[in-house]
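See structure below.
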Amino acid sequence: MRRPLMAFLNVWTGRPVPSLRLSLFLACALTFGFYTASYMRIPVVPLYAKSLGADTATVGWINSIFFLTAGCLSLPVGLLSDRWGRKRVALGGVFVVSLTCFALTWAGTPAHLMAIYFFFGVGLSAYGPTMMSYVADISPVTHVGRSYGWYTTSLYVGMSVGPAIGAWIAERFGFQDVFVASGVLTAGLLLVLAVFLPTPPAAASNAQKPGLALMVPRVLRSRPLWGCWLVTLGLCFGLGMFVTFIPLHARQTAIPVASIGLIFMVQGISNALFRIPFGHWSDRTRDRRRLVALGSLGTAGAMLGFGGAHLLWHFLLWAGLLGAGLALAFTSIGALIAVVADPRSRGLAMGGYNTSIYMGIMAASAAMGIVITHKGYFFAFFGAAVFTGLCLLLFGFFMKSAR
């Protein structure tokens, strides 16, 4: 009875708790709630923008502003989490996202939505890298892979569940109720994060932090970190191809709309289910670089398969391979970054990782539509596979000296 009571009091007063399970559970629960609430708006805002008079191009710009903002700010905001503390920056991110949810209820023009989505990107960039750094802070080296397996599973499930909940609320009650529900849920997470989430050991210690003039160049000169960032860019380029162009490619081959949803569901289930076992595998392997290479090759193979797919089972097969490849690669990349980065600059390193994610998805969406228009889907997906392979080669080159 005494130990649980002391653990609860430690959490309440903000003192570090020597319990990985408790800290990881709270981080995963918060992340699941945050991404569920945030992604409730994802399928609704484009329809809401249309009701406000936005054309298709404007809807695309609204989403692009969000990805661009999150991508550009993840690196500097990760640096702030190293300087100001993980909980403080994460709280700021959740607070900003909560405000944007309520602000959507007041939006009257597409320009308002663009401004709100800019701040949505700001809030998400403050939360994502910070909580990834938090998980690394609380995890011993022997458990980093499985910790990221659980963490990224909660994140990915939240991103999958949120849109479904948002669409259901919009159909039953209307757009405004989706935004209010999202805002209330996000605001409720503020209390949980501020009061119950234990302070990470690295942030709680009084260790001397290096100055910015020393820390930033040291991180930017780290060859292993650049390797991790570049292979992440290549993987997310493939993910961007899947998210953006598979619906169009499948429709061109006469796949029904309902079956296109099944393709996305298979990828999502595969991605989520494999992360936890692959996280344990990452902790047991002698060299995580091999798992990153295997996952990247699986992703590139899925891109090649999508390029030649013309039947539903083809798309389902390659969607399952893509989900498994991404799950294997990303759990090991997160663990590698946590290991090779200085704990005092881990937020900056994770910020670069998140920047690579958003920029990879954006690059595929922006560039490959032109390729598809002139050369077709096969050539575009083949190009995505080649790009992923090139990023993997750069990863191997930069990680050559890393232990």
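The analysis underlying the following values was restricted to heavy atoms, covering all of them including side chains, and did not include hydrogens, waters or symmetry mates. Here, residue 1 is the first one in the sequence, and each next residue gets the next number.
- In terms of heavy atoms, Gly145 sits closest to Asp283 at N-OD1, 2.7 Å.
- Of all non-hydrogen atoms in Leu328 and Gly295, the two that sit nearest each other are CD2-N, 3.7 Å.
- Between the side chain of Thr100 and the main chain of Ile116, no donor-acceptor pair closer than 3.5 Å is present.
- Looking at heavy atoms from C-beta onward, Met303 lies in side-chain contact with Leu322 at the 4.5 angstrom threshold.
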message: Is there a ring pair (Phe, Tyr, Trp, His ring centres under 6.0 Å) between His249 and Phe315? Walk through the geometry before answering.
response: CA-CA 10 Å; His249 182 25; Phe315 285 95; 5.2 Å; yes
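- Distance CD1/Ile138 to OG/Ser133: 11.5 Å, rounded to 0.5 Å.
- When Asp177, Val44, Val180 are each tested for a side chain to side chain contact (heavy atoms under 4.5 Å, CB included) with Ile169, only one passes: Asp177.
- Val77 and Ser125 make their closest contact through CG1-O, 3.6 Å (heavy atoms, listed as atom of the first residue, atom of the second, distance).
- The CD1 atom of Ile65 sits 11.5 Å away from atom CZ of Phe119, with the distance rounded to the nearest 0.5 Å.
- Of the possible polar contacts, one joining the Ser51 side chain to the Tyr48 backbone as a donor-acceptor pair under 3.5 Å is found.
- Using modelled atom types, one finds a donor on one side chain and an acceptor on the other under 3.5 Å when comparing Ser147 with Ser139.
- Nearest heavy-atom pair across Ala309 and Thr253 is O-CG2, 4.0 Å.
- At distances below 3.5 Å, not a single donor-acceptor pair connects side-chain atoms of Trp318 with backbone N or O atoms of Gly301.
- Listed here is the closest heavy atom pair of Asn354 and Ser74: CB-OG, 3.6 Å.
- Put simply, the side chain of Phe237 does not reach to within 4.5 Å of the side chain of Leu233, judged on heavy atoms.
- In this structure, the side chain of Ser332 does not engage the main chain of Ala329 through any donor-acceptor pair within 3.5 Å.
- The environment of Phe102 atom CZ is dense: over 12 non-hydrogen atoms of other residues, nucleotides or ligands sit within 6.0 angstrom.
- Side chains of Thr388 and Leu392 form no contact here, defined as non-hydrogen atoms less than 4.5 Å apart.
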task: May I have the step-by-step check of side chain to side chain contact (heavy atoms under 4.5 Å, CB included) for Tyr134 and Val89, ending in yes or no?
output: CA-CA 11 Å; Tyr134 178 89; Val89 175; over 6 Å; no
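- Using modelled atom types and a 3.5 Å distance limit, the side chains of Arg86 and Thr130 yield no donor-acceptor pair.
- Taking OH of Tyr117 as the reference point, atom OG1 of Thr69 lies at 12.0 Å (rounded to 0.5 Å).
- In terms of modelled atom types and a separation under 3.5 Å, the side chain of Tyr148 and the main chain of Met132 share a donor-acceptor contact.
- Within the model, atoms CG of Leu193 and NZ of Lys87 stand 6.5 Å from one another, a figure rounded to the nearest 0.5 Å.
- The aromatic rings of Phe274 and Phe278 lie parallel to each other, with less than 30° between the two planes, well short of the 60° mark.
- Judged by distance alone, with hydrogens and angles left aside, the side-chain atoms of Arg41 form no donor-acceptor pair with the main-chain N or O of Ser182 at under 3.5 Å.
- For the pair Phe381 and Met241, the minimum side-chain heavy-atom distance is below 4.5 Å.
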Verdict with supporting geometry, Phe395 and Val292, side chain to side chain contact (heavy atoms under 4.5 Å, CB included): CA-CA 9 Å; Phe395 168 77; Val292 175; 3.8 Å; yes
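- Distance SG/Cys228 to CE/Met350: 9.0 Å, rounded to 0.5 Å.
- Val97 has its side chain within reach of Phe34: a pair of non-hydrogen atoms, C-beta onward, lies under 4.5 Å apart.
- Note on ring orientation: taking the six-membered ring where Trp is involved, the planes of Phe378 and Phe382 are parallel (angle under 30°, cut-offs 30° and 60°).
- Of the possible polar contacts, none joining the Thr105 side chain to the Cys101 backbone as a donor-acceptor pair under 3.5 Å is found.
- Side-chain atoms of Trp150 and Ser154, non-hydrogen and from C-beta on, never get closer than 4.5 Å to each other.
- Ring centers of Phe306 and Phe242: under 6.0 Å apart, within the cut-off.
- Counting heavy atoms from C-beta outward, Trp281 and Leu291 have side chains that approach closer than 4.5 Å.
- Put simply, the side chain of Phe245 reaches to within 4.5 Å of the side chain of Ile372, judged on heavy atoms.
- Using modelled atom types, one finds no donor on one side chain facing an acceptor on the other under 3.5 Å when comparing Arg275 with Thr331.
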task: Would you please test Leu394 and Val231 for side chain to side chain contact (heavy atoms under 4.5 Å, CB included) and show each step?
output: CA-CA 7 Å; Leu394 291 173; Val231 76; over 6 Å; no
message: Between Ile333 and Leu235, is the side chain to side chain contact (heavy atoms under 4.5 Å, CB included) condition met? List the steps.
response: CA-CA 11 Å; Ile333 291 171; Leu235 289 164; 3.6 Å; yes
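- Checked by atom type and distance alone, the side chain of Thr285 never pairs as donor or acceptor with a backbone atom of Ser282 at under 3.5 Å.
- Atom-to-atom distance recorded for Leu294:CG and Thr299:OG1 is 9.5 Å, nearest 0.5 angstrom.
- Met359 approaches Gly71 most closely through the heavy-atom pair CE-C, 3.9 Å.
- Between the side chain of Thr373 and the backbone N or O of Gly369 there is at least one donor-acceptor pair closer than 3.5 Å.
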